[in-house]
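In what follows, a single structure is set out as structure tokens and then discussed.
Counting starts at 1 for both ligands and their atoms, in listed order.
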Amino acid sequence: MIDLASDRQGFHLSPEEVELFHTRGYLGPYDLFGQDEMKAHWRRERLRLFDRSRAPYPDAQPGSGIYDYDRHFDIDFLSDVVVRPELVHRMMSLLGPDVICWRTEFFPKYPGDEGTDWHQADTFGGADGIPHLIWPEGSDFGGAVTAWIAFTDATEETGCMQFIPGTQRTMYYDESKGMHYDLERVNKKEVNGVLRGFFGYDWREIQKDPDWIPDESKAVSVPCKAGQFLIFPSTLMHASLPHQGKSREPRIAWTCRYVPTSVSVYERMRETNVVHELGGSFSLDNYGVVLVAGRDEHGRNKVRERTMTGKPFVNQVPR
Ligand SMILES: O=C(O)CCC(=O)C(=O)O
Ligand SMILES: [Fe+2]
């Protein structure tokens, strides 16, 4: 077994970084690829997204945000990224030795697109009101830890991430209420003078206090170069700036979301085997979590050992 306290090789976080995660919330940017290397990868890989012959959710509706969920199941480049030690070791420092990746998502922003509105995710059920993640009784942490990877440069002009430090321990939203989906809202609303929205949802609908306004005076913007990534708890208040359109390059981010193996994923969807989200739905027939480190002693989730193309996922620290 690996002794995390003494193992300073690899990419484990220092005690100071772990402390910063628990106080400030976000960590990074860290390097995953060089800037030019990432841009070259993305020029090639973005074309592969169009081939959906082995995509895990062939039934996902085109244009909906779920369309490119979990493409780490069929695109080799992405399958290799979810298990990269630069991500996994750092996740182990925060989540313990047994870690699963439960979801990956693309967040594209094209010139003129609104920024992502402020939000927090604990159960990830904000859209349909049904929890996607269930932590064991009495857990002191909820949500997931996200590695947010910039596939293109993310600047204040093209839509970098923003955080309100230290907000990760208080949920300002009640995800059990569920939100209404309406694409008519997209690109129309300003929040504190900034064009922001959430892919057709309005997080104000599920604010615990309808009069509360996120305190943007405390917000920090965190630009990333292509190939860099940030780590943050999904319960931290986070948002992104609009893409102002001064550059024609889209801002593309890809997120890998991790939890310990003790967390049960999509348990409430097991009867129907269908997830409804972002104006669409997909069947969980091909779904499984990816064990990226350690062992699964809980057996709460279906684990996928191989991609849709049959390639094994590499467990970084098998124990
Ligand atoms: O990239 C963005 O604009 C938002 C990302 C986000 O909300 C997330 O990774 O949870
Ligand atoms: Fe988010």
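At a 4.0 Å heavy-atom cut-off, the residues surrounding ligand 1 are Phe107, Lys109, Thr116, His119, Thr146, Trp148, Met161, Phe232, His238, Ser240, Arg251, Thr255, Arg257, listed by chain and number.
Within His119, the N, O or S atom at minimum distance from the Fe ion (ligand 2) carries the name NE2.
Partner of Phe33 under the ring-ring contact (aromatic ring centres under 6.0 Å, His included) criterion, out of Phe151, Phe77, Trp42: Phe77 alone.
Remark: Pro165 pairs with Arg24, Tyr26, Val220 by the side chain to side chain contact (heavy atoms under 4.5 Å, CB included) rule, at least two apart or across chains. Every residue meeting the side chain to side chain contact (heavy atoms under 4.5 Å, CB included) condition with Arg52, not counting sequence neighbours, appears here in chain and number order: Ala55, Ala60, Tyr67, Asp68, Arg71. Under the rule for a side chain to side chain contact (heavy atoms under 4.5 Å, CB included), the partners of Lys39 that lie at least two apart in sequence or sit in another chain are Gln35, Arg43, Asp153, Ala226, Glu249.
Ring centroids of Tyr57 and Tyr69 are separated by 6.0 Å or more, keeping the two rings apart.
Inspection of the Tyr266 and Arg103 side chains reveals an N or O donor paired with an N or O acceptor under 3.5 Å.
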